[in-house]
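Take a look at the structure below.
We name chains A, B, ... by the order of the sequence lines, and we start the count at 1 in each one. None of these values were measured; they are calculated from a predicted model.
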Amino acid sequence: MSADIKSAYLRGLQNGIPICLGYLSVSFTFGMMCTENDLPFWIAVLISMTNLTSAGQFAGTALIINGGSLFEIGLTTFVINIRYLLMSLSLSQRIDPALSIPKRLVMSFGVTDEIFGVSMQAKGQISAAYFIGLMTAPFWGWALGTLIGATAVSLLPDMVRSALGIAIYGMFLAVIIPPAREEHALAWVIVLAALISCVFYYAPVLNQLSSGWVIIICAVLASSFAAVKWPVGDEEEGEA
Amino acid sequence: MEHTYNYFYVLTAVAVMAIVTYIPRMLPLTFMRRKIQNRFIRSFLYYVPYAVLAAMTLPGILYSTANVVSAITGMAAAIFLAYKKKGLLIVALGAVFVVFVTEQLWAYVPMPL
């Protein structure tokens, strides 16, 4: 390992520590949610280590808990994670065009909202060593937080555990509400999607449709509407 | 509620999730050199995560606790804390705490819901 590569890796590792701390707390909640629904801790950790994503794995896991079909789980997770196409695309413009396929495959695994966001703040070309360094601490933080959350919850009394059912939804609200304060289009997307979702839950006939499909219908309708009414400019794209 | 799982189903589902999460991350970075020009598609993709999470939250959140009343108070707490830009764990645990307190108090309300 040359000195340049090593220093780039270490710089990435250092930049990843704040992300790692944030991930510890989020994945802790995810681990609690899994145990609360009787999934064994090793499955929670396996999900975190193979998925390394927030919303997608929360939604997929919620569907597993409800016994959703594999097709629904795959499609829902894919629809949620489709935003990574944009990030991966932006990142592809900032790396060395000669970078080997295996290195690109490893880097791809670390494309999360936060890792992507931090990596794009770096000046000039993004090296594989830097990006892989940046992925390292958040990856382990995500796995470790899940393990701690999943094992800690079983030590809690039943009264407390029954209140934990709302945790995952609290987390969803914490993801969507702060950016909606800044951008009214996002607030409309949220209200519209929630409204359509309620219609599919309460209306006769429509409520026969399973939850995975309802989510997809809500996402397509609300996002298309907003995309026509409030098309985003170039400056917003990295934030999705 | 005690859940029992078919592990073949769970592990297959986890594998499916891992694959469909990796694919959108991997394809552009590995194979594409150009940017999406279509503004509608770019905008659509930007809004998707918010729509998905909103649809998952409502009305599901209302049935996530022992009763609808505690769910509503918990949701109000979560919305308030999220609006104040608190972190994910604070918002989640704040909602849990309010649900817990509401359910303890609810036990003393004589009228059944």
Report which part of Ile196(A) has an atom under 4.5 Å of a heavy atom belonging to chain B: side chain, backbone, both, or neither. neither

Might you point out which heavy atoms bring Leu186(A) and Tyr47(B) nearest each other, and give the distance in Å? CD2-CD2, 3.6 Å

Going by heavy atoms in the side chains, are Trp230(A) and Ser43(B) under 4.5 Å from each other? no

Does atom OH of Tyr22(B) have more than 12 heavy-atom neighbours from other groups under 6.0 Å away? yes

Cut-off 4.5 Å, heavy atoms of chain B, and the answer for Met49(A) is neither

What's the separation between atom OG in Ser64(B) and atom CD in Glu36(A), rounded to the nearest 0.5 Å? 10.0 Å

Between CE on residue Met56(B) and OH on residue Tyr169(A), distance to nearest 0.5 Å: 6.5 Å

Heavy-atom distance under 4.5 Å to chain B: side chain of Phe28(A), backbone, both or neither? side chain

Which atom of Thr57(B) lies closest to which atom of Phe172(A), heavy atoms considered: OG1-CB, 3.3 Å

Comparing Val98(B), Ile90(B), Ile61(B), Ile19(B) against chain A, the one with the most heavy-atom pairs below 4.5 Å turns out to be Ile61(B)

Any sub-3.5 Å donor-acceptor pair from Arg39(B)'s side-chain atoms to Val232(A)'s backbone N or O? yes

N/O donor-acceptor pair under 3.5 Å between Ser88(A) side chain and Leu29(B) backbone: yes

Taking side chain as C-beta onward, heavy atoms only, is Thr21(B) less than 4.5 Å from Leu52(A)? no

For the interface with chain B, which of Ser69(A), Gly68(A), Ala62(A), Cys218(A) has the highest count of heavy-atom pairs at distances below 4.5 Å? Gly68(A)

Engaged part of Ile65(A) at the chain B interface, taking heavy atoms whose separation is under 4.5 Å: both

If we only count heavy atoms from C-beta on, is the Tyr9(B) to Leu70(A) side-chain gap below 4.5 Å? yes

For Met17(B) versus Ile73(A), what's the shortest heavy-atom pair and its separation? CG-CG2, 3.6 Å

What part of Phe225(A) lies closer than 4.5 angstrom to a heavy atom of chain B: side chain, backbone, both or neither? neither

Between the main-chain N or O of Tyr84(A) and the side-chain N or O of Arg25(B), is there a donor-acceptor pair closer than 3.5 Å? no

Do Asp38(A) and Thr4(B) come close enough that some side-chain heavy atom pair is under 4.5 Å? no

Got a sec, which residues hit side chain to side chain donor-acceptor pair (under 3.5 Å) with Thr146(A), two or more places apart in sequence or on another chain? Ser48(A)

Find the one option among Ala71(B), Ser70(B), Gly60(B), Ala78(B) whose heavy-atom pairs under 4.5 Å with chain A are most numerous. Gly60(B)

Quick one: pull up CD1 in Ile23(B) and CG in Leu85(A) and give me the separation to the nearest 0.5 Å. 10.0 Å

Chain B contact via Ser54(A) - which portion, at a heavy-atom distance below 4.5 Å: neither

If you look only at pairs with a residue in residues 85-94 of chain B, which of them pass as a salt bridge (Lys or Arg N to Asp or Glu O under 4.0 Å), with sequence neighbours excluded? Glu182(A)-Lys85(B)

Considering all heavy atoms of both residues, which atom of Ser108(A) and which atom of Thr30(B) are nearest to each other, and what is their separation? OG-OG1, 3.8 Å

Give the member of Ala180(A), Gly110(A), Gly56(A), Cys198(A) that has the highest number of heavy-atom pairs under 4.5 Å with chain B. Cys198(A)

Flag yes if more than 12 heavy atoms outside Phe8(B) fall under 6.0 Å of its CZ atom; otherwise flag no. no

Smallest heavy-atom separation, Tyr5(B) atom then Ile64(A) atom, equals CE2-O, 4.1 Å

Highest number of heavy-atom pairs under 4.5 Å with chain B: which of Leu195(A), Thr50(A), Ile176(A)? Ile176(A)

Answer yes or no: is there a donor N or O on one side and an acceptor on the other, between the side chain of Arg181(A) and the main chain of Tyr83(B), under 3.5 Å? yes

Less than 4.5 Å to any heavy atom of chain B: does that hold for the side chain of Val228(A), its backbone, both, or neither? both

At a heavy-atom distance under 4.5 Å, which candidate from Thr102(B), Val96(B), Leu58(B) has the highest pair count against chain A? Val96(B)

What part of Ala222(A) is in contact with chain B, defined as an atom under 4.5 angstrom from a non-hydrogen atom: side chain, backbone, both or neither? side chain

Toward chain B, the part of Leu39(A) with a non-hydrogen atom under 4.5 Å: both

Could you tell me whether the side chain of Ser223(A) reaches within less than 4.5 Å of the side chain of Tyr46(B), counting heavy atoms only? no

Which atoms form the tightest heavy-atom contact between Ala193(A) and Ala51(B), and what is the distance? CB-O, 3.3 Å

Ranking Val16(B), Leu62(B), Leu81(B), Leu53(B) by heavy-atom pairs under 4.5 Å to chain A gives rank one to Leu53(B)

Count the heavy-atom pairs under 4.5 Å between each of Ala55(A), Ala226(A), Gly170(A) and chain B, then report the option with the highest count. Ala226(A)

Quick check on the interface: out of Gly60(A), Gly74(A), Ser224(A), who has the most heavy-atom pairs with chain B under 4.5 Å? Ser224(A)

Do Phe40(B) and Pro231(A) make a side-chain contact, defined as non-hydrogen atoms from C-beta onward lying under 4.5 Å apart? no

